[in-house]
Amino acid sequence: MFVITLTYRVDLEEIDAALADHIAWLDQQYIDGVFIASGRRVPRVGGVILARDVSAAELEQRLAADPFRSRGLADYAVTEFVVSRAADGFESLLS
């Protein structure tokens, strides 16, 4: 599993201008079964994505296609971890 943390590099006006393209890209990742959750950070300085069932190399290729990244609007930090415990109802996250 991966936690991807996005940090915006530009003003929110530039982020908002690219948001529809970013959301279309996110939608495809959900359709492909790679992303399991995503959302804005609070305060709104970036976002967080949870991904699974993909190699680190494939994830990097997918992230490179994100309009926020390809347009230089956000920096990305990727953390891989092994899920060893999960709350009731989230057992499908176990590695």
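If you're wondering where the values come from, they're calculated on a predicted model, not measured in any experiment.
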Ion pair present between Glu91 and Arg85, side-chain N to carboxylate O less than 4.0 angstrom?
-> no
Are any of the side-chain heavy atoms of Ile49 and Leu6 separated by less than 4.5 Å?
-> yes
Test side-chain contact (heavy atoms from CB on, under 4.5 Å) applied to Leu19 and Phe68, step by step = CA-CA 8 Å; Leu19 194 55; Phe68 281 1; 3.9 Å; yes
Indicate the atoms forming the closest heavy-atom contact of Leu93 with Val83, along with that distance.
-> O-CB, 3.2 Å
Ile15 side chain near Val10 side chain, heavy-atom distance below 4.5 Å | yes
Rounded to the nearest 0.5 Å, the CG atom of Asp27 sits from the OG atom of Ser38 at a distance of 9.0 Å
Check the surroundings of atom CZ in Phe90: do more than 12 heavy atoms from other residues, nucleotides or ligands lie under 6.0 Å from it?
-> no
Can you check whether Arg44 reaches Leu12 side chain to side chain, under 4.5 Å on heavy atoms?
-> yes
Hey, is Arg71 close enough to Asp66 for a salt bridge, meaning N to O under 4.0 Å?
-> no
Return the orientation label for the Phe35 and Trp25 ring planes: parallel under 30°, perpendicular over 60°, tilted otherwise.
-> perpendicular
d(Asp16 CG, His22 NE2) to nearest 0.5 Å is 11.5 Å
Shortest non-hydrogen contact between Leu59 and Ala51, atoms and distance = CD1-CB, 4.2 Å
Answer whether the closest heavy-atom distance between the side chains of Arg52 and Ser92 falls below 4.5 Å.
-> yes
Could you check if a side-chain atom of Val45 sits within less than 4.5 angstrom of a side-chain atom of Arg40, using non-hydrogen atoms only?
-> no
Supply the atom-to-atom distance Arg62 CZ to Ser55 OG, rounded to the nearest 0.5 angstrom.
-> 9.5 Å
Tell me, yes or no, whether the heavy-atom count around Arg41 atom CZ, taken from other residues, nucleotides or ligands under 6.0 Å, exceeds 12.
-> yes
Smallest separation among heavy atoms of Ala64 and Ser70, with atom names | O-CB, 3.8 Å
Looking at Thr79, Val34, Val54, which hits side-chain contact (heavy atoms from CB on, under 4.5 Å) with Phe2?
-> Val54
Any side-chain donor near an acceptor of the partner, Tyr76 and Thr7, under 3.5 Å = no
Could you tell me whether the side chain of Arg69 reaches within less than 4.5 Å of the side chain of Leu73, counting heavy atoms only?
-> no
Can you find a heavy atom in the side chain of Glu14 that is under 4.5 Å from one in the side chain of Tyr8?
-> no
Going through the distances and angles, do Glu80 and Met1 end up as a side-chain contact (heavy atoms from CB on, under 4.5 Å)?
-> CA-CA 6 Å; Glu80 185 173 6; Met1 173 147 326; over 6 Å; no
From CA spacing to verdict: side-chain contact (heavy atoms from CB on, under 4.5 Å), Ile4, Val48 = CA-CA 6 Å; Ile4 302 103; Val48 175; over 6 Å; no
